[in-house]
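The chain is numbered in sequence order, starting from 1. Keep in mind it's a predicted model, so treat the numbers as computed, not measured.
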Amino acid sequence: MKEGAKADIRQPTPSFRLRSESLNALRLRRVFDLFDHNGDGEITVEELALALDRLGLGASPDELRPTVAAYIPPGRAGLAFEEFEALHRALGDSLFGASDSIDEIHGEGEEDMREAFRVFDEDGDGFISASELQAVLVKLGLAEGRSIVRVQEMICSVDQNSDGRVDFGEFKHMMQSITVWGA
């Protein structure tokens, strides 16, 4: 880099860490299920690379393999949820430091929820539209993203004031009521 040139390097912020222990396990299980593309209960290095690529965080299997392989038990092809959770914890600790105190965890839950909301609110207008939700679902490779009708049904199931969009309050209510089976 030339002297005086500014790098656009964004440091990870603590808001990306899932802070609430009870919600952490549920959210992490949901992420695991999304990344487990073939539904076999294991995430291979290739599935992890595919998921990261779809999220715009491209990493080749060759780049991931040395780190991930340390968490895959001998004789297995990929990470079961327990190993995925251990990998997540280790990466989180290395990026953000050890877990924060209980007071800090509870104080930052709202900001975590806002950060998650911003992932879906692509245009930053304070609402999640059907087209924004569809774009995220497509990026994740989810079948629901293929049908705008299905996406609109998803919006309607959360849209308490019937304006055709999801605001932060509706999003927060939905997130707090999610049950992930098998977690």
Side-chain angles (χ1 to χ4, degrees), residues 1-2 5-21 23-100 105 108-109 111-124 128 131-146 151 154 171 175 178 180-183:
M1 179 186 312
K2 291 185 177 183
K6 290 185 179 180
D8 184 22
I9 299 174
R10 295 185 182 152
Q11 295 297 318
T13 61
S15 66
F16 287 112
R17 175 172 232 169
L18 302 175
R19 297 183 179 278
S20 168
E21 287 302 318
L23 288 178
N24 187 33
L26 294 175
R27 291 174 182 166
L28 194 58
R29 182 61 197 216
R30 181 68 176 135
V31 168
F32 178 86
D33 292 341
L34 289 172
F35 285 14
D36 180 15
H37 192 68
N38 64 3
D40 68 354
E42 291 184 356
I43 298 175
T44 63
V45 172
E46 289 74 17
E47 286 174 319
L48 183 58
L50 177 65
L52 293 174
D53 185 55
R54 286 179 174 166
L55 291 170
L57 304 171
S60 75
D62 292 335
E63 292 171 324
L64 295 172
R65 194 167 278 108
T67 302
V68 176
Y71 291 86
I72 299 174
R76 296 252 304 277
L79 301 166
F81 178 71
E82 294 74 24
E83 291 91 32
F84 181 72
E85 188 174 36
L87 174 63
H88 171 266
R89 193 176 319 107
L91 291 174
D93 288 350
S94 71
L95 290 172
F96 305 118
S99 295
D100 297 325
I105 289 170
E108 295 185 11
E111 186 54 34
D112 286 346
M113 197 74 70
R114 288 194 183 282
E115 190 67 39
F117 181 81
R118 285 190 285 270
V119 168
F120 292 91
D121 180 18
E122 292 185 326
D123 65 7
I128 301 170
S131 62
E132 288 171 318
L133 177 58
Q134 184 177 35
V136 173
L137 294 174
V138 166
K139 286 178 189 174
L140 290 171
L142 299 175
E144 291 90 343
R146 291 187 218 131
V151 172
M154 293 168 76
F171 178 81
M175 292 297 287
I178 287 177
V180 178
W181 302 105

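Considering only heavy atoms from C-beta on, Leu64 comes within 4.5 Å of Leu52 through its side chain. No side-chain heavy atom of Thr44 sits less than 4.5 Å from a side-chain heavy atom of Asn38. In this structure the side chain of Phe81 reaches within 4.5 angstrom of the side chain of Leu28, judged on heavy atoms. By the 4.5 Å heavy-atom criterion applied to side chains, Glu144 and Leu133 are not counted as neighbours. With a 4.5 Å cut-off on side-chain heavy atoms, Glu46 and Leu50 do not count as touching. By the 4.5 Å heavy-atom criterion applied to side chains, His88 and Val31 are not counted as neighbours.
Under the side chain to side chain donor-acceptor pair (under 3.5 Å) criterion, Asp62 pairs with Arg65, not counting sequence neighbours. Phe84 pairs by the ring-ring contact (aromatic ring centres under 6.0 Å, His included) definition with Phe32, not counting sequence neighbours.
Closest non-hydrogen pair, Gln134 versus Gly145, comes out as NE2-O, 2.9 Å. In terms of heavy-atom proximity, Asp121 sits nearest to Ile128 at N-CG1, 4.2 Å. A pairwise comparison of heavy atoms in Ala59 and Glu63 identifies CA-OE1, 3.2 Å as the closest pair. Nearest heavy-atom pair, Ile72 versus Val45, reported as atom, atom and distance to 0.1 Å: CD1-CG2, 4.4 Å. Gly78 and Pro73 make their closest contact through O-CD, 4.4 Å (heavy atoms, listed as atom of the first residue, atom of the second, distance).
In this structure, the separation between OG1 on Thr67 and CG on Leu48 is 10.0 Å, given to the nearest 0.5 Å.
Ring orientation note: the planes of Phe120 and Phe171 are tilted relative to one another, at an angle of 30° to 60°.
Residue pairs meeting the side chain to side chain donor-acceptor pair (under 3.5 Å) criterion with at least one member in residues 70-80, sequence neighbours excluded: Glu42-Arg76, Arg76-Glu83.
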